[in-house]
Structures are given as structure tokens and as C-alpha cells.
Amino acid sequence: MGGILNDINSPDDIKKLDINQLEELAAEIRAFLIDNVSKTGGHLASNLGIVELTLALHCVFNTPTDKIIWDVGHQSYVHKIITGRKDKFCTLRQLDGISGFPKVNECEHDAFNTGHSSTSISAALGMAKARDIRKEKYSVIALIGDGALTGGMAFEALNDAGRSPNNLIVILNDNEMSISKNVGGLSKYLRKIRTEPFYFKVKEDLDIILNKIPAIGRSAVKALGKVKGSVKYMIMPGIFFEELGFKYFGPIDGHDLVELNEVLTRVKTMKGPILLHVCTQKGRGYTFAEESPHLFHGISPFEIETGEVLSAGGPSYSDVFGSELTDLAETDENIVAITAAMPNGTGLDQFSKRFHDRFFDVGIAEQHAVTFAAGLARNGLKPVFAVYSSFLQRSYDQLLHDVALQNLHVVFGVDRAGIVGEDGETHQGLYDLSFLSHIPNFTIMAPCDYDEMRKMIRFAFSEHTGPVAIRYPRGKGKDRLIDSSEIKLGQGVLYKEGSDLTFLSIGTMFETALKVTEELTKLGVSVELINARFVKPLDVKLIVNSVMKTKKMITLEDNTITGGFGSSVLEMINQRGINVKSKLFGFPDQPIIHGSKNQLFKRYKLDAESLVGEILKLCKKQ
Ligand SMILES: Cc1ncc(C[n+]2csc(CCOP(=O)(O)OP(=O)(O)O)c2C)c(N)n1
Ligand SMILES: CC(=O)[C@@H](O)[C@H](O)COP(=O)(O)O
Ligand SMILES: [Mg+2]
């Protein structure tokens, strides 16, 4: 660890440093970030870009009294390092280590939990109002990226905050990047502010003219004022924010500590809503991240000298989804694909290159994406929205109101379903089976391997109409876990017959189910193993016949137990008056922590060894 960073234990230590020391500290923090994240993995590029801004914030403001809300929160590493978590930083995102996102329970300097984008301005406005109603005194700052600003909630909050009298500082960290290049009209507008100094020049000239003609009569001043008013749309940077009611400052260089300190000190005492536009470079200080900020946005452990990730290659579920979709789209020109700012993560990059005109990146706007897909489907296209399970949570009403009630043929690639691992509780995809199951007209499938996924994709586009979700996990799987037949609506697969116990598994948990079955068979338990394939509609005939025979049933899913696959099965057999001994295996109804996927399966007793023990107990209790 570097010389100055060694002595930084709290934000007070930052405040004692002069400008040269702060600059030296910024360089040490960058080296510290690169070194640590190369081992733990994490959101490197965003943090490298925000070092000076974070230092300046802690020079000018006093956390935990002042509140900083980090939008998404993936860029809060520097803040964590400064606020007493430097020594624990090597545990970042590891089981029982510190989180990769702000957590109020982890540290008093974290004012609000984040993880999903575009929430910071709403939360900050709520905090500012609470402060004023309670007559307390502190600053509230929302720090939001240009990507997160494309999310609908951010606009809703700006609209509300702009007309509110409460003191509130919104800092827009503009690095021209979401995970990929940022998209949309607002992004274009920000670029204009950044790159066309003409706009400022004209504004300055007009201000000078108006202020420097004292002899001029009142009417002439008024007239000139009007001139200024009418041209200000053309010439004022930040007019969009000004018209909403914010005082706009910027754009300022987010790597210039002197400028940052000056401006932050100035806005700290200003009244009403302020928007400070800060320009930064994503990945700054590490060549590989500067050149490919999208690759270093969220990176697995890597080699510092080469920038190469250390994990083994091979396609992931997302890659297989993207390539099968691209193949299918060659022969079906009605297929179009949508992403909400995640073309790489969802594997749609291949499709986007091949079918540029049939691909839509709508920005971080999951709600819009779903209703946009509904519109496309209504007018004859076959849209697919590939989206992470946890971000689809945003679109519940759109799924129901806009897609399902009209029974529109929209395909959902529900990626990162199940445990995601190191991102932790905000990102675990553990709820989709529950929130999709009760939506009318929805069909829900989950493949156990790549081969089955390919078949499900073809089924979803070619043989099905109506809303259909295919859910699959983060990372890699097996190409062929088992030989699989074609997909038929609502049909599961009886993999192995048995007489003691019906074992119903959904999706990629089937790999664990196979191991458990093998072990139980060795121990003398005759297991009837079923790969359910469908959560909705369930294979009623197959399940009912099996449980009537065995009188004992377990279900296994990588979803929360509440309202998930097992719940649906129980409901179905209960409605038929069938009485069987049963146990549902899935994640408990509580936030699920971070750690590697395997560690978490073990921690929550969903690994093969724990399951064998639990199932044996169930078999003995009769
Ligand atoms: C609702 C939601 N959708 C998608 C994401 C995934 N995501 C995390 S960060 C990010 C890009 C954010 O860009 P920006 O706010 O500009 O921050 P930067 O990484 O550029 O610092 C995206 C799309 C998310 N966290 N939440
Ligand atoms: C912060 C955020 O929401 C994303 O960057 C997310 O961490 C990406 O996850 P994957 O690494 O699974 O693509
Ligand atoms: Mg950005």
C-alpha cells in the first residue's frame, strides 16, 4: 500500500492534505484499486474514473452527517477505502467480506443501499425533505452517472426535485459510458454541452453586454433580456436542468482536484436544487481499462500486466442465448431484440452486429423496454427482451398490463436467474419465478443445459404465441447434461423411474438433482426424478401420476421458495385433493448475501451433500 494511503483511516485524514498530497493519494488509490480488484474481481473502470471526485467530496462534506447517495453504488469503492474499510478491501464481494455496493449495515458512512440504477435522486429528495421537516442541518448529495440518468426513475425524481424548495445537490458523473457507450437523446445533449464551447462563449458574451451598458434605458434592457431569453435555449449549457428548476453548474473537469474543491465548496451553501455536471474518464489510470472501459466495468479476477481475465473460456448461457437467437433470426425476419443497456452481458452483442436495424438498446429503461416490446409485438414483430432477472423486477406492471393481458407474443430471455454470486442481495435473480408465475397468459420455462435452452428458444419463437419467459443462470453450464427430446408446451421429462420419492427439479438445478439421485440410489432410496422444464403450465399429468405412486415429493429450484416452482406444484396437487409428504428446497425468504455461487449453495444447504442429508431425514420420518 502507498505512503499517504497508509495513514488514511477516515475522511478527516483527507481534509488535512494539501493539493499535492491529494494528487499523490489519488495515484496510490488507483494502484490499490487495480491490485485488489485484479484478485477479487469487481467494478474497476467506474471507480478508477471517480477517484478525484470522491476525494473532493470527502474534503468538502462531512459524512456520515452529510449524506451521499451513490447511484447503482458500483462506483463507491473509493468512498469505502476512505471511510475505514481499506483494510477489509481485500474481502470485497467475497463470502462474509465487504459488499461491492453501499450498505448501511456495513458502515455509517453509507447513507442508502443501492445496486439497481436511477434511485439516488428520489432517495436524496426524500432525505432532504425529512431533514427539513425535522429541522436538521446537513447536506444531501445524489451522485448519479450519465448511464443511470437514462432510467425513468431519475427523470421522475428530477421533475419532482426541481420544483421543491429543499436544498439538494445532484452530481452528474458524465463519462459518456453506461456499461457500453451511453445511448439516447439525453446522452447526445450532454455531449453537446461537453464538446461545443461555442455555447458557453455566446452566453458569456450576452451576459457581458447586458451588464456593461449602464446608460441604456429600461426598455432597451428589457428588450435585450428578451433576446437573452429567446436565445438561451440555443446557448445555455444545462438549460434542460435549469428549466426543471435546478441551478446548473458545469461542465467541470472531474479530475481537477482544485476545480472540484472550489465548485463543491460553492454549491455546498447554495439554496434549492443544484445540478453539478462533472466530466470524468471511465477507467482512468489503467491503460487496458481506458481503452476498453466496457470490459473493465465489471471484471473477473485478471492479470494486471496483460489485462487478461484468469477464468477459463467457453461460452456462457448468455452467449448461447445470443448465438441461437442470431441463427434463428437469419430465417425469421420478424425477430427483433431489445436490451436495456446491457448488450454484452446478455449476449446480444452478436445479434446487434449481425442485425443492426433489428436491435434496440433503449438505455437503462427496463419498464420502457417491456412496453416497447409490447408495441412491436402488437404490430407484427417477434421481440425478445434479454434482461437480467433482478432488473426485470422493475417491469412488473408492464409485464402484466401491457404484455400479458393482451396476450402478446413477447419472448423474455431472463438472464442471471438464480444466484448471481458476488454482486449479492440486490442482484440475486431469485424472484422471477415468483413474480412471473401468477401473471395470466405467461409461459415459463427453464432449461437444464445449453441443448435444452436452444430447443426452448426455437419453441418460444416458432411454436408458441403469447408471453413466454426462458430463465437461465449467470455463467457457464453443460452443453448436454442429458439427452433431451423436443419441447412440448407444459411437458416435463421423466428422467428416472422410482417408487420411494418424487424428485422434481427445475432448470439448471437438475445437475445437482442428478448427483443427489445417484447418491440416494446408492443409499437404497428409489428416486423418481423429473426434469420439469415448465413452471407454467406445469406437467400436471406427469407430476400427479408420480406423487400418487410415491406419496412423497421434493422440489428443487434456484428461486426463493415463496411463490416459486415448488409452491406452484404444491398448489396444484392441493387443489386436486392429493395428500403427499413434501418438502420444498430453494432459497429462504430473506436477503441472500454475496459470495461465490458454490459457496452460497453450500451456505443455504442447496448443494448435493446437504440435500442428500435433508432428504434422508425426510425419508426416515414416516
Ligand atoms: C435497473 C438496473 N438496470 C441495469 C443495471 C446494470 N448496470 C449497472 S451499472 C450500469 C451502467 C451505469 O452507467 P453510469 O451510471 O453512467 O455509471 P458508470 O459505470 O459510467 O460510472 C448498468 C447498466 C442496474 N444496476 N440497474
Ligand atoms: C453494477 C451492475 O449492476 C452490473 O454491472 C452488474 O454487476 C453486472 O453483472 P454481471 O457481471 O453479471 O454482468
Ligand atoms: Mg457513465
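When a residue number appears, it is its place in the shown sequence, counting from 1.
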*Is the closest basic N to carboxylate O distance between R358 and D332 below 4.0 Å?*
no
*Would you indicate whether the side-chain heavy atoms of I530 and S505 approach each other to under 4.5 Å?*
no
*Is any side-chain heavy atom of I482 closer than 4.5 Å to a side-chain heavy atom of L514?*
yes
*Tell me yes or no: between the side chains of T150 and N182, is some donor less than 3.5 Å from an acceptor?*
no
_Side chains of D349 and S352: any donor to acceptor distance under 3.5 Å?_
no
*Is the shortest heavy-atom distance from the side chain of F565 to the side chain of L538 under 4.5 Å?*
yes
*Are K496 and T517 linked by a side-chain donor-acceptor pair shorter than 3.5 Å?*
no
*Using the test ring pair (Phe, Tyr, Trp, His ring centres under 6.0 Å), find all partners of H401 that sit at least two apart in sequence or belong to another chain.*
none
*Looking just at side-chain N and O atoms, do S318 and R416 make a donor-acceptor pair shorter than 3.5 Å?*
yes
*Does the side chain of D160 come within less than 4.5 Å of S164's, by heavy atoms?*
yes
*Report the residue from F534, Y396, F412 that forms a ring-ring contact (aromatic ring centres under 6.0 Å, His included) with F442.*
F412
*asked:* Quick check: H297 with H74 (ring centres under 6.0 Å apart)?
replied: yes
*Specify whether H409 and H464 have parallel, tilted or perpendicular ring planes, treating 30° as the upper limit for parallel and 60° as the lower limit for perpendicular.*
perpendicular
*Flag the pair F355 / F351 as yes when their ring centroid distance falls below 6.0 Å, and as no otherwise.*
yes
*Compare all side-chain heavy atoms of L158 with those of L149 and state whether any distance is below 4.5 angstrom.*
yes
_F391 and H116 aromatic ring geometry - parallel, tilted or perpendicular at 30°/60° bounds_ = perpendicular
*Please say whether the positively charged group of K103, taken as NZ for Lys or CZ for Arg, lies over the ring of F101, i.e. under 6.0 angstrom from the six-membered ring centre and within 45 degrees of the axis.*
no
*Heavy atoms, side chains only, cut-off 4.5 Å: are K455 and M445 in contact?*
no
*For the pair R458 and E324, find out whether any cationic side-chain nitrogen is under 4.0 Å from an anionic carboxylate oxygen.*
yes
_Side chains of S484 and D451 only: does a donor on one sit below 3.5 Å from an acceptor on the other?_
yes
